[in-house]
Each structure stands twice: as C-alpha cells, then as structure tokens.
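What follows is a short report on a single structure.
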Amino acid sequence: MPELPEVEVVRRGLESWVAGRGVEGVRVHDTRSVRRHTGGAEDFSATLAGTSIVETVRRGKFLWMPLRGLPVSTALVAHLGMSGQLLVEEADAADEKHLKVVLELEASAGKPGQLRFIDQRIFGGMFLSPMVPTGDGGPGGLGSAQALMPVAAAHIARDVLDPVFDVELFHRCLRARRTNIKRAILDQNLVSGVGNIYADEALWEARMHYARPTDTMRRPDSIRLVEALRSIMARALEAGGTSFDKLYVNVNGASGYFSRSLNAYGRNGQPCRRCLTGGVASLIRRDPFMGRSSYTCPTCQRAPRNARW
DNA sequence: GGTCCGTCCTGTGGGC
DNA sequence: TGCCCACAGGACGGAC
C-alpha cells in the first residue's frame, strides 16, 4: 500500500509531469472518491476545470497541488488511503478497473495528457481545499517553501523526514499524553506519515514495546524512536524509487520491498532476526491492537510492568 | 480537550 | 466449484 515514502515518490514524479500545466477538464467516475469535497462532484469538476497546477507538495501522507486561477487560494488535495494511485497517462490508454477521477491536462510536448486517480478500496480521495497560513511556517518539508497549507491538512503534524521536524517538541507532546506509544505515533496530529507497518518496524528497531505509556518516555527514548522512524522511512524511500514506473506506484511492487526487509510486521511465528543473530531465536508474536495487529519480539521488546494496553 | 472506537470499502484467502 | 466470512488498513466523526 502507499506509505509515506511512496507518497513522496509520487510527489516527485508528479512534479515533473503536472507542475505548470492547466486543467482543461475533469471527469469523476465515482463520486465516493470526491466525498470529502464539500460542494459535491459537480462543483469539484466545475471549480477545478480552468485552473492550472502550480506545484506538488506533501506533508505526511497528504499530497496537494496549489492551483492558480481561482479567486481564493486553493489546492487540489489527494490522499491515497490504502490503495490509491496517481498515474499520468495518455488519453487513449484503457481505463483502469478502479479508475475514479480523470484530469485532462493542457497539452505539453512529450508529456501525457491525463492525470488519473485510481483507488480500489476508496479509502483515499481527492478534494479542493482553501489554503491558509499554518502558523508553523507552512509545509516546510519536502516540496515547497510556501507558508500556506490546505485547511484540510493544516492539523497534520510534520513527519520525521521533514528537515524542521522538532524532536524536542515531539518528546514534550509525548510526555503530555496519557496513552501508549504506538497509539501516539499513529496519531497524525503528533507525527505524520506513520502507519501500522512503520510503527511496528520502528518500535522493533528501537527495542520498544507498543504498550509503553507515553508519559514514561525519557528524552533518549524519544530520540531513539525518531531515529528508528527516520532510518526506516529513508530506506523505504530509497526502495520506493525502484518500484516507481512511469508515475505508477505498484501496490504489489511496494510489498516486494517490504517482504524482504520487514523485521516485525507480518512475521508472526517467525524467528526474530535480531535474537537469531544473538543465538536465541525468539518468535515474533502478533497481538490484536486497535482492531488491527501489532507484531513484536517478546525478547527484545518486553512489555513494561506499567504497560498501557 | 483528550482518548478511544466504529465506520467507510473491496479484494483475498481460508474454511466448509 | 461456489459460497460465506474474517481480515487488512488511514482518517474521521462521535461518544465518553
């Protein structure tokens, strides 16, 4: 599925293909994919047509394209959810099975004429959102020096790949919480871009149990966790580039990288690679967590006595 | 205000 | 072979 690194790969790819191009027409094939647009599908299409795309910006898993040509500063926001894809394709390419939205782009030499949004599970979507000052200096991270963000993404915290991510602020916010560490890092208001897979991988790398209460986190613990998140995101970003083919992030292709590199997630019953190298082969266990799963090594990620489940 | 849970949605795989 | 059901996940609204 598209994770933060894949969204960044998509953003980089889109930048060279769609930035500066006009939107000449919009077709919504499934109104559920624009359900977050308050004016409905017709308004989405009518408002977007005639604008032009300035650039592509990302924070966490939110991707947006500021638009030129509207009276109010507005961005086209896209979230890939679990199964969303953004493809740049020729107009005569066959429709994908789960094609949801098509943007007809202004002709540009050597560049395909359509931007397509494809989404199997419809957890993702596109919508228009007015841009506002954020008070924290804008996106700041990858993609833009703008001081404005879409209202719909203004609550999203910086991600760990953001050059100005504040570890000290992250630590203070963690300490103020009354929950466990995994719930905290899945909260996009605290740190963005972390999903279930990266949460488990980072906690494994940091030798931390998911049920550790956030108010017991010491500064070195927070730093260690952020460094683990950064390391995993950076490695995945590098690998995400290899699965990138003509602006297509292949969901199955991305899982190929993960299947080779994951140390905890999805490895229920398999020996922990860290314990194995130490000569003791503890088996990774799966626990139900928030209606999902958590994977941990019972030896190198021991649950604390004061665990908050 | 903070925390937590249910809901949205569809393809896949296991069990019968 | 075909049917049914559990499961996977991010974000958001609502309940507490």
Side-chain angles (χ1 to χ4, degrees), chain A residues 1-8 10 28-38 58-64 77-86 96-101 117-127 129 149-157 159-160 170 172-203 210-217 229 233 236 249-256 258-259 262 264-269 286-295 307-309:
Chain A
M1 85 200 68
E3 295 279 345
L4 183 151
E6 282 73 36
V7 178
E8 173 59 16
V10 169
V28 176
H29 289 241
D30 190 333
T31 57
R32 293 175 298 178
S33 288
V34 295
R35 63 185 180 277
R36 288 194 64 187
H37 182 76
T38 50
R58 179 190 63 77
R59 180 181 281 196
K61 292 175 235 177
F62 277 84
L63 178 74
W64 64 88
V77 182
H79 196 290
L80 302 181
M82 289 181 60
S83 54
Q85 297 172 350
L86 281 166
E96 289 75 10
K97 185 177 178 184
H98 300 290
L99 179 62
K100 303 301 181 186
V101 181
F117 180 72
I118 294 133
D119 193 8
Q120 179 192 98
R121 297 188 185 178
I122 322 179
F123 273 39
M126 299 178 105
F127 54 95
S129 178
M149 283 183 64
V151 170
H155 64 289
I156 300 297
D159 59 70
V160 295
F170 172 72
R172 287 202 307 272
C173 291
L174 265 188
R175 294 275 302 182
R177 299 259 172 143
R178 294 294 177 269
T179 186
N180 64 48
I181 189 63
K182 185 170 174 181
R183 280 186 185 275
I185 61 175
L186 288 174
D187 185 346
Q188 306 297 301
N189 298 285
L190 181 65
V191 55
S192 66
V194 182
N196 202 39
I197 296 172
Y198 289 146
D200 279 0
E201 290 301 301
L203 289 167
Y210 63 85
R212 177 167 175 170
T214 48
D215 50 358
T216 68
M217 291 286 282
L229 282 165
M233 297 281 188
V249 174
N250 189 322
V251 173
N252 296 322
S255 69
F258 290 124
S259 66
L262 293 181
Y265 185 85
R267 299 194 66 243
N268 188 31
R286 172 191 174 276
D287 296 322
F289 182 85
M290 292 175 68
R292 291 165 178 73
S293 299
S294 264
Y295 297 88
R308 189 171 282 140
W309 302 98

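To find a chain, count down the sequence lines: A is the first, B the second, and so on, and within it residues start at 1. The figures here come from the full heavy-atom set of this structure, side chains too, leaving out hydrogens, waters and symmetry mates.
When the C1' atoms of four end pairs are superposed on the next four at each end of the helix from B:dG2-C:dC16 to B:dC16-C:dG2, using five pairs per end, the two resulting axes differ in direction by 50°, to 10°.
Heavy atoms only, all atoms of each residue included: A:G193 and A:Y198 are closest at O-CD1, 4.3 Å.
Atoms CG (A:L80) and P (C:dG10) sit 13 Å apart, rounded to a whole Å. Residue A:N189 contributes atom CG, which lies 11 Å from atom C1' of B:dG2 at whole-angstrom precision. Put simply, CD on A:Q188 is 16 Å from C1' on C:dG13, counting in whole angstrom units. The nearest whole Å value for the distance from the CE atom in A:M82 to the P atom in C:dC12 is 16 Å.
A salt bridge links A:K182 with A:D200: the closest approach of a Lys/Arg side-chain nitrogen to an acidic carboxylate oxygen falls below 4.0 angstrom. A salt bridge is defined here as a Lys NZ or Arg NE, NH1 or NH2 lying under 4.0 Å from an Asp or Glu carboxylate O, and A:D159 with A:R58 meets this definition.
Backbone-only engagement by A:F62 is indicated by non-hydrogen atom pairs under 4.0 Å involving sugar-phosphate atoms exclusively. A:R286 comes within 4.0 angstrom of sugar-phosphate atoms only, judged by non-hydrogen atoms across all strands, and of no base.
In this view, A:S129 satisfies the side-chain hydrogen bond (donor to acceptor under 3.5 Å, both in side chains) rule with no residue, not counting sequence neighbours.
Side-chain nitrogen and oxygen atoms of A:R183 include none within less than 4.0 Å of the OP1 or OP2 phosphate oxygen of C:dG10.
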task = For each nucleotide in nucleotides 7-14 of chain B, reading 5' to 3', give B when a protein heavy atom comes within less than 4.0 Å of its base, S when such contact involves only the sugar-phosphate, and - otherwise.
result = -BBBS---

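Where A:H79 and A:G291 meet DNA chain C, the nucleotide closest to each residue was compared, and A:G291 sits on the side nearer the 5' end.
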